[in-house]
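We use all heavy atoms of the structure for the numbers below, so side chains are in, but hydrogens, waters and symmetry mates are not. In what follows, chains are A, B, ... by sequence order, proteins preceding strands, each numbered from 1.
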Amino acid sequence: MPEKVPDIQPDPPVEIRQILDGDVMAGARLIRCIEAGDPAAAQMLGKLYSHAGNAFVIGITGPPGAGKSTLINSLITMFRKKQFTVGVVAVDPSSRKTGGAVLGDRVRMQAHAGDKGVFIRSMAARGAAGGLARAAKDTCLVLDAMGYEIIIVEPVGSGQADLEITTLVHSLGLVAIPGTGDGIQAVKAGLLEAADLFIVNKTDLPGAASEMMTLEHLVQQRSLEPDTWQPPVVGTCARTGEGVDRLADLFLDHRQFMKDHQVLEKIQTAQAGEYFNTLVRQMVMDRIDPWIDRQVAAFLDTAAQKAAVAADPYQAARKLADRLTRFLAEPDSEVF
Amino acid sequence: MGVARYIKDEKGAITEVVYQSGMKIKPGYGPQDLADAGFSYETDLGEPGEFPFTRSLHPQGYRSRAWTTRQYTGFGTPEQTNERFKLMIANGQNGLNVAFDLPTQMGYDSDHPLAEGEVGRVGMAVDSLKDFLTAFDGIPLDRIGSGLTINAVASIMMAMYQALGETKGFDRTKISCTPQNDILKEMIGRGAWIFPVEHGVRLVGDSIAYAVKELPRSNPVSICGYHIRESGATPAQEIAYAFEIARAYIDTVAQRGIDPSDFVGRFSFNFNVYGNLWEQVAKFRAARKIWAQMLKEDYGVTDKKKLFLRGLFGGGGSGLTKEQPENNIMRGAFYALGAALSGAQTTALCSFDEAYTIPTPRSALLSLKTLELLMDEVGLRDTVDPLAGSYFIETLTLEMADKIKEEMAWVKEMGGIVSGISDGMIQKKVSQQAYEFEKGLQSGEYKKVGKTPGKEDEGADVELHQYNAAWAKSSKDSLAAVKRTRHEKAVADTLRALEKAAKGKDNVMPPLVECCKAFATVGEMADVFRQVFGEWQEPIFY
Amino acid sequence: METLNKIRVLVAKPGLDGHDKGAKIVALALRDAGMEVIYSGLHQTLDQIMSTAVQESVDVIGLSIMSGAHLPICEKLTAMIKEQGLDNVHLVVGGVIPNQDVQVLRKMGVAAVFPGGTSFDTIVSGINGLFQ
Ligand code: B12
Ligand SMILES: Nc1nc2c(ncn2[C@@H]2O[C@H](COP(=O)(O)OP(=O)(O)OP(=O)(O)O)[C@@H](O)[C@H]2O)c(=O)[nH]1
Ligand SMILES: [Mg+2]
C-alpha cells in the first residue's frame, strides 16, 4: 500500500513567542515538523537555541523491561511534588518490516496526562542507531525553550551499553534488574564511566540487595579523583514508588554538584560542540548522499567499468572513492 | 471453517485439522489411539461422580437435576431490573445473574462526573442498599441464588447482599450469592479493575475468608476463564490461567492460616463455550480432572465434594455475528449443546442481538427457552457423559489436559500468575493471538456463516434495547434522597472503621457490612479503598 | 530514503468501558500498516485524551467504544476539539455502533466510523484516505 503522507504544515504558523510562552500545541507541532524533517522547523530551532539551556536533562537507560517507563512515571510524581515542571521524551522501537510502531512507554505515564506541568512525547526510533530518535535531541531543545525545568529521556531499551544518550543528557541513570546481571554487564561494557546513578529497580524481587552490593563494589573501584561525583547505587521499586523519592533527590544532588564544580557548563559546552559536529555531518551527508548515488550510477554506465566492478569490487570502489573525495576537496577538478 | 484451522487439498477435501489449543486431529480414531495416549479408565475417567470427575460431578448427571439457568440480567434502574428478574423467574429461570452498570463496577456513584452517560446503560445502577432493596423486592432470597457480576468492588457488593438479606429478614446463613470477585482476570481482559494488584488480591482474600465463616451458602469467588477466552486466549489457556488465578487466591487465603480444605469447595468458575464442539467438550472434561488433581496434590484436599469444578459454562459472545443475526440463535443452541455434553452445572447464553445491544426481553427469553428446550426436548438428560468412551473424545481429552498443563507450567516459569499479569506477559500473548485470530477471520481462514471475507455487512435491522437518559436522572434523584435521609454520623463512623481496616490487616468485610447498613454509597466505600490503595497502572500489551 | 513523515494515531479508550481487545488489535493493525500508534490505556477522561492528542501531535484520534456510550462521548469530544482548535486532527470511532448512529456521529464531526465487523483493510484505507 503506498504511504500517504499527512499534511502537517503547522497551521497556524508557529511563532517563536508561542514556544517561549510554553504553548503546548505550538511546541508539539514544532516537534512534529522536526520529526518530519521540515527545513522551516530547523530554522526555528536556531532561533530557539539561545533561549534554551535552562533545563536539567536526565536520561534513564537500561535493558528492555527494566522498568524505565514505570520509574519515570514515579519520578514525574516526585518532581511534581517538588514543584518542577517536567518534560519527557520516550523513544520506542519502530517495526523493521513496516516502519510503524506502537509507542507504549506512555501508557505507564498516562496518569500524568492532563497535568499542565507535564509534557510527555513519544517517539519512534525510525531505524536510528543507538536507540535514540534522530529528533530526540531537538525535542529536548524545544521542551527546554518551552520552559520545562526537568526533562527526562527514555531511549529504546537496549541490551548493550548504549552511549549515544550521553550526548544529550546532563545526568544519566542506569537501570538494572536484580538477578539478571545486566547492571554488572553494563558496567563492564563501559557504562561505568558514563552513568551518574546506578538504579537497581524491582527491589521487591529477590536478589536486589546482592545486586546492589556488587554494583557498589564495582563503583567504588573506580579511580576517585578529588572532587569527582561518586555515582550512588539506589534501590527502587518503581511499581510502588519506594525509593523513587530518594532517586529524585539524588538526581538533584548531582545537578547541584555539577553546578558547584562547574561541571554542568563543561558538559553543556562539550555536548554543544559534539552536536555541532553531528549537525554538520548530517547536513553534509544529506546533501551528498544523492550525489554519491548519481556518481555511482554514472560510473557503472560503461561496460568497462562494470567489468572492473565485477572483477574486483574492492579495487573499483577504492578508485571511485578516491576520485570523489578528490573532487570534494578540489571542486574544480573533474570527477571522471 | 469454524474456529479450527482446516487445510484442504485442491479438490476441497480436508487434509489437516488443528484446533485452537494446538491439537492435531486425525481423520479417525480407534483403540490404538487410546493405548498410545496411555488411557486408563480408572485414573483418567473414573465412574461418574467419582474422582477425578472427568465424567461428571454427580453420579447421575442431569437425571438428578437439570442445569441451572442464569441469564445475565440488569439495566437501568433497580425498579426495571426487578421487573426483568421477575419476568425471567416467571419463565422458569432458577437463578439470577446480575449485570451492573459500569459506574457501579468501577466504584463510582451515579452522580459522579465520570459516570455521565453510563448510568444504567449496560447494567443496573447501584449506589446504596436502597437500590438493592428495590431490585430484589419480592425475590425469595432463600431459594433463588444470585450471581453478582462485579469484581473490583465485589467485596462491597457481597456485604451489600448480606445487608439486603438481613434487612429483608433472611438470615445470612440462608442466602446465597456468588460475587464474581475475580480481579486478576479483569486485569487480563475485562478491564473493570481499580486498585493495584496486591490490594485487589487482598480484597478477594478478605471476602473469601469472611464468607467461609459468615456466609455458608455463598460462593465468594467465581474465577473466569470466560473473559480471558473472549480476550483472545485459546481454550487450553482459558482453563490454565483460570486455575493459576485460583491458585493465587487459594494461596492468599491460606497465608492467613486457613486450611484450603475449608474454602476451596466454595470456589466456582465461569467458562466459555465457543469454538469447536469437540474441543469444548474435551476442555471441560480435562478441566474437571485437573482441578480435582491440583487440589488433591497441591493442597491436600481429600473431601470429595470439595474437589468439584463447579461453575457456569456459558455461550461465548465472540462467536456471534453482526451479520445475519438470526443465525446466532442456532449458534446459541449449539453452544448450549456443547455445554450439556460437557456436563455444565449452570449455564447461560448470549442472545442473538449480542453484536448490537444488551438483550431485549424477547431475545433474552429466546436464550432461556433455547436452554430449556435442550434439556427437555433433545434427550440430554438421559444418561451421564454420553460421549465417554469415544476413542476420539477420550484421546482429545488427554491431549487437552496436556495442553492445559503446558500453559500452567509456562505461568509458573514466569513466577506465577500475579507477576505474569503485572508484567503484562499474559495480556501480550492473549492480544497477539486475538490479532492473529481476527486476521484469520478477515481472510476467511476461519469461517463464520454469513460473513464474507472482504465484504462488510451493514448488519440487519434488529430491535434494539433502547437506553433512556431519564434512568440516570432517576438514579441520581434516588441517591440524593438517600443522602438526605440517612444518618450522616453513622455513615462517617462506619467509613472510618472501613478505612482503619483497609490500612491495617483486619478483614474489611465486617466494616463494609456496617457501611452498607448505614446507607454509605458504593462510591464512598470505593473512595476509601482508592485513597488507601491507590490505582493500578496497566502494563504495555504488545 | 525512508519516509520521515508517518501518520500518528492515538488509539484511545474513553470512559469506564473496559473492552480493550478491539482497541489493541486495531493498534497492532495500524502499526503493521506503517503508522505510529499511541495507545492510551483504559479509563481515560476526555481531558486526558485531549491533552495526549495535543502533546503527541497526532493526526488521528481513534476512539474505541463498546459500551454504547458513543453518542454522549463523541458529542463532548467533538466540542472540545473545536474549542481547543485542533482543526487538523481527525476523529474516528470504532466499536459497537448501531447503523442509525453512524450518520449522527458523522454530523457531529466524526471523520469516519468503523463499526464492529469492519476489516483492517477498510480501516487502514479509511484513515489513509483522510489525508488525500
Ligand atoms: C468480547 C466481548 C467482551 C469481552 C471483552 C474482552 C476484551 N478484553 O475486550 C468480555 C467478556 C470481558 C466482555 C465484558 C463485558 N461486556 Co462485552 N462484548 C464482547 C463482544 C462479544 C465482542 C467485542 C469484541 O471484542 N469484538 C471483536 C473486535 C475485534 O471487534 P470490535 O471490538 O467491534 O472492533 C472492530 C471495529 O469496531 C473496529 N474498531 C474497534 N475499536 C476501534 C478503534 C479504532 C481507532 C478504529 C479505527 C477501529 C476500531 O475495528 C475492529 C475490527 O473490525 C461484544 C458483542 C459483539 N459481538 O460485538 C460484547 C459487548 C460489547 N459487551 C457488552 C457489555 C454490556 C459488556 C459488559 C459491560 C457487561 C456488564 N454489564 O458487565 C462487560 C464488562 C466490560 C467492561 N469492563 O467494560 C455489550 C455492550 C452493549 C452496548 N453497546 O449496548 C456487547 C455489545 C454485548 C451485548 N449485546 O450485550 N465483553
Ligand atoms: N516487580 C516489579 N516490577 C516492576 C517494577 N517496575 C517496573 N516493573 C515491571 O516491569 C515491566 C516493565 O516495565 P517498563 O516500565 O515498561 O519497563 P521499560 O524498561 O520501560 O521497558 P521498555 O521501554 O520496553 O524497554 C512492567 O511489567 C512493570 O510493571 C518494580 O519495581 N517491581
Ligand atoms: Mg519503556
Report task. Check each atom of A:Val88 against the heavy atoms of chain C and say whether the ones under 4.5 Å are side chain, backbone, both or neither. Result -> neither
Query raised in the report: Between A:Gly104, A:Ser122, A:Gly27, which has the largest tally of heavy atom pairs under 4.5 Å with chain C?
Result: A:Ser122
Query raised in the report: When only pairs under 4.5 Å are counted, which of A:Gly114, A:Ala101, A:Gly99, A:Pro290 shares the most heavy-atom pairs with chain C?
Result: A:Ala101
Min side-chain heavy-atom separation [X]-[Y] under 4.5 Å:
{"X": "C:Asn5", "Y": "A:Arg32", "answer": "yes"}
{"X": "C:Asn88", "Y": "A:Arg29", "answer": "yes"}
{"X": "C:Thr52", "Y": "A:Arg106", "answer": "yes"}

**Report entry** For A:Val102, the option from C:Val9, C:Leu28, C:Val11 that meets side-chain contact (heavy atoms from CB on, under 4.5 Å)
**Finding:** C:Leu28
Working to the nearest 0.5 Å, report the span between [atom1] of [X] and [atom2] of [Y].
{"X": "A:Leu103", "Y": "C:Arg8", "atom1": "CG", "atom2": "CZ", "value": "6.0 Å"}
{"X": "C:Asp47", "Y": "A:Asp115", "atom1": "CG", "atom2": "CG", "value": "12.0 Å"}
{"X": "C:Ile38", "Y": "A:Asp92", "atom1": "CD1", "atom2": "CG", "value": "9.5 Å"}

Donor-acceptor pairs under 3.5 angstrom involving side-chain atoms of residues 61-72 of chain C: please list them, not counting sequence neighbours.
residue	atom	partner	partner atom	Å
C:Ser67	OG	B:Glu118	OE2	2.7
C:Ser67	OG	C:Ala69	N	3.4
C:His70	NE2	C:Asp101	OD2	2.7

Query raised in the report: Can a donor-acceptor pair be found between the side chains of A:Gln110 and C:Ser40 at a distance below 3.5 Å?
Result: no
Query raised in the report: Just checking, any donor-acceptor pair under 3.5 angstrom between side chains of A:Arg121 and C:Ser57?
Result: yes
Query raised in the report: Would you call C:Glu36-A:Arg126 a salt bridge at under 4.0 Å N-O?
Result: yes
Query raised in the report: Salt bridge or not for C:Asp32 and A:Lys97, using N-O below 4.0 Å?
Result: no
Report task. Inspect the surroundings of NZ in A:Lys47 and state if more than 12 heavy atoms from other residues, nucleotides or ligands are less than 6.0 Å away. Result -> no
Report summary line: Closest non-hydrogen contact found for C:Ser51 with A:Ala113 is OG-C, 3.8 Å
Requested in this report: Against chain A, work out which of C:Arg31, C:His43, C:Gln55 has the most heavy-atom pairs shorter than 4.5 Å and name it.
Outcome: C:Gln55
